[in-house]
Amino acid sequence: MTPAAATATTLASGDRRGTQRREVVAALAITTTIGYGVLYYAFSALLAPMSRDLHISTTVATGALTTAVLVSAAMAIPVGRWLDAHGGHGVMTTGSILAAVAVLAWSQVQNTAQLYAVFVAIGAASAMVLYQPAFAIIVAVTAPPKRANALLSITLVAGFASSIFIPLTGQLIQATGWRHALIALAGIVAVITVPVHAFVLRRTQPTAPASSHHLRRSPARVIRDAGFWLIAVAFVLHSAALAVLAVHLVTYLTQLGHTPTTAASLTGLLGLLSVTGRVITTLAKRWLPITLIAATIIALQGIAIALLPFIGQSIAGAATSLGLFGLGFGVASIATPAILLDRYGDQGYATIAGILGTSTTISRATAPLAAAALATGIGYRPLILVAGAACLIAGAALALTQHLPPDATTRRTAC
């Protein structure tokens with residue numbers, strides 16, 4: 001083969017890989033948006049009519065969603081190990097089939113036991129189709145310089161899941177009832193995500209499955225790293241604070257004197273500005289370490305939300321506080337994979353992310369319940385201040401990890 005022909009072959013191969021990568025990113029952006037929209041956000045629109053029809057309290061019904069989140073947390077590590085060994089094609093295809101079946105079964109539940117059983121399946125499906133497996137595939141098929149943009153693309157699109165699926169679910173409920181709404185949502189999952197995962201992701205399998213010896217080492221090398229535990233503390237506290245605010249913020253804003261409609265509109269700033277925060281984080285990564293960026297944004301969140309009790313009586317004051325807080329609302333989605341990749345490389349990434357994801361998901365699931373009990377005892381104002389303090393501690397813990405670099409035996413370079 002002539003040098004020119006060899007060059008042409010190399011360029012063609014590069015073009016094919018680039019096209020494949022873009023197809024995978026686009027596919028995962030669409031399917032994670034649908035996954036979050038149907039498996040998580042649609043619940044808020046379905047809660048009231050479902051509770052009335054099943055003759056259960058909203059607290060009992062909400063417990064089903066908490067069950068799903070906890071099941072997802074329990075599966076994070078085993079799913080991560082499978083992703084490292086076998087890739088994401090089989091996991092995400094199977095998960096999307098399970099999701100469609102589970103949502104369809106949800107439409108037919110007649111009692112609390114059936115509802116909770118369905119949400120165990122929804123939790124399992126969530127572990128197999130949301131960010132963890134999607135990010136693992138991006139790490140596997142994308143060169144390090146292109147990963148940040150690929151991850152940003154997915155999280156930017158998925159950031160609109162609530163904006164799309166909560167109103168859509170509400171319209172379906174109004175037009176057809178909650179059971180038929182779920183049948184329609186199950187159809188969306190089945191018709192779009194199953195074939196996309198089955199066909200678009202089929203070329204994302206690892207060329208050489210990871211050895212069992214390597215998979216045994218992945219957890220060990222992070223567990224003995226003090227920096228990992230600081231990262232875990234930071235994101236557990238941050239996840240808890242975000243979950244508390246997401247659930248209790250509207251109630252607190254009404255206590256500050258805002259109407260329910262105004263309180264809901266102000267809370268909507270969190271989701272809107274989370275997209276802006278993700279873009280800022282990705283752009284800033286060109287000049288600053290991602291750990292420092294995340295630590296700074298999370299600490300600023302703590303200051304911003306701690307100001308709410310003092311300036312939140314006015315719309316302008318509340319908007320300022322929540323606007324600054326909202327800039328960091330989606331920072332963990334971008335920062336977590338980047339920090340783990342910077343610190344440990346991409347070998348065993350999914351397993352390491354699963355270890356961290358287990359603790360942060362449990363925190364996100366349980367913090368709102370603990371906050372409700374705390375608010376009953378001490379009131380909402382101290383609760384908001386505690387959430388602010390949690391963000392400040394999280395930012396400090398994350399910043400401290402920069403001074404605890406992993407040693408040579410812990411670090412694994414990117415492939």
Side-chain angles (χ1 to χ4, degrees), residues 17 19-36 38-39 71-100 102 122-144 146-155 157-158 161 189-190 192-212 214-215 218-219 333-334 336-338 340-341 344-358 361 414-415:
R17 287 194 295 270
T19 300
Q20 178 193 354
R21 182 179 64 251
R22 288 190 292 271
E23 289 176 352
V24 169
V25 171
L28 292 174
I30 293 169
T31 61
T32 53
T33 301
I34 294 172
Y36 276 108
V38 174
L39 300 179
V71 170
S72 178
M75 290 189 62
I77 295 175
V79 167
R81 291 173 66 85
W82 180 272
L83 289 165
D84 282 329
H86 305 288
H89 175 241
V91 166
M92 297 199 79
T93 302
T94 303
S96 55
I97 294 171
L98 177 60
I122 287 176
S126 298
M128 300 165 74
V129 299
L130 299 182
Y131 276 154
Q132 182 187 353
F135 288 173
I137 289 177
I138 292 301
V139 168
V141 304
T142 307
K146 298 182 181 296
R147 282 175 184 158
N149 286 338
L151 294 173
L152 176 63
S153 298
I154 293 172
T155 57
V157 177
V189 174
I192 299 178
T193 69
V194 173
V196 167
H197 288 157
F199 296 107
V200 178
L201 303 184
R202 67 186 184 279
R203 295 189 299 273
T204 61
Q205 297 299 89
T207 55
S211 67
S212 59
H214 166 69
L215 292 179
S218 293
S333 300
I334 290 291
T336 301
L340 294 181
L341 288 167
Y344 304 111
D346 57 12
Q347 294 183 18
Y349 163 80
T351 304
I352 297 168
I355 296 171
L356 180 61
T358 296
T361 304
C415 296

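Fair warning: this is a prediction, and the values are worked out from it, not measured in the lab. Index from 1, following the sequence.
Put simply, OH on Y131 and CG on L151 are 10.0 Å apart, with the number rounded to the nearest 0.5 Å. Between the OG1 atom in T32 and the CG atom in L130 there is a gap of 8.0 Å [rounded to 0.5 Å]. Taking CG from L39 and OG1 from T193, the interatomic distance works out to 8.5 Å, rounded to the nearest 0.5 Å. Taken to the nearest 0.5 Å, the OG1 atom of T336 stands 13.0 Å off from the CD1 atom of I352. Between atom OG1 of residue T142 and atom CZ of residue R22 there is a gap of 11.5 Å, rounded to the nearest 0.5 Å. Here CG of L28 is found 4.5 Å from CD1 of I154. Values are rounded to the nearest 0.5 Å.
The two residues V200 and A27 come nearest to each other via the heavy atoms CG1-CB, 3.7 Å. The shortest heavy-atom contact between S153 and V25 is CB-CG1, 3.8 Å. The two atoms that bring T361 and G357 nearest to each other are OG1-O, 2.6 Å, heavy atoms only. For the pair L98 and A125, the tightest heavy-atom approach, listed with the atom from each and the gap, is CD2-N, 3.8 Å. Closest of all the heavy-atom pairs between I138 and A150 is CG2-CB, 3.8 Å.
Side-chain N or O atoms of T358 include none that pairs as donor or acceptor with a backbone N or O of A74 at under 3.5 Å. Of the possible polar contacts, one joining the S96 side chain to the T93 backbone as a donor-acceptor pair under 3.5 Å is found. Looking at R81, its side chain never comes within 3.5 Å of a backbone N or O of P78 through a donor-acceptor pair. Between the side chain of Q132 and the main chain of A76, a donor-acceptor pair closer than 3.5 Å is present.
F135 and Y349 have their aromatic ring centers separated by at least 6.0 angstrom.
In this structure S72 satisfies the side-chain contact (heavy atoms from CB on, under 4.5 Å) test together with S126, A127, sequence neighbours excluded. Under the rule for a side chain to side chain donor-acceptor pair (under 3.5 Å), the partners of T31 that lie at least two apart in sequence or sit in another chain are H197.
Of the candidates L83, V194, V196, I137, I137 is the only one forming a side chain to side chain contact (heavy atoms under 4.5 Å, CB included) with M92.
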Residues V157, I30; criterion side chain to side chain contact (heavy atoms under 4.5 Å, CB included); working and verdict: CA-CA 7 Å; V157 177; I30 293 169; 5.7 Å; no
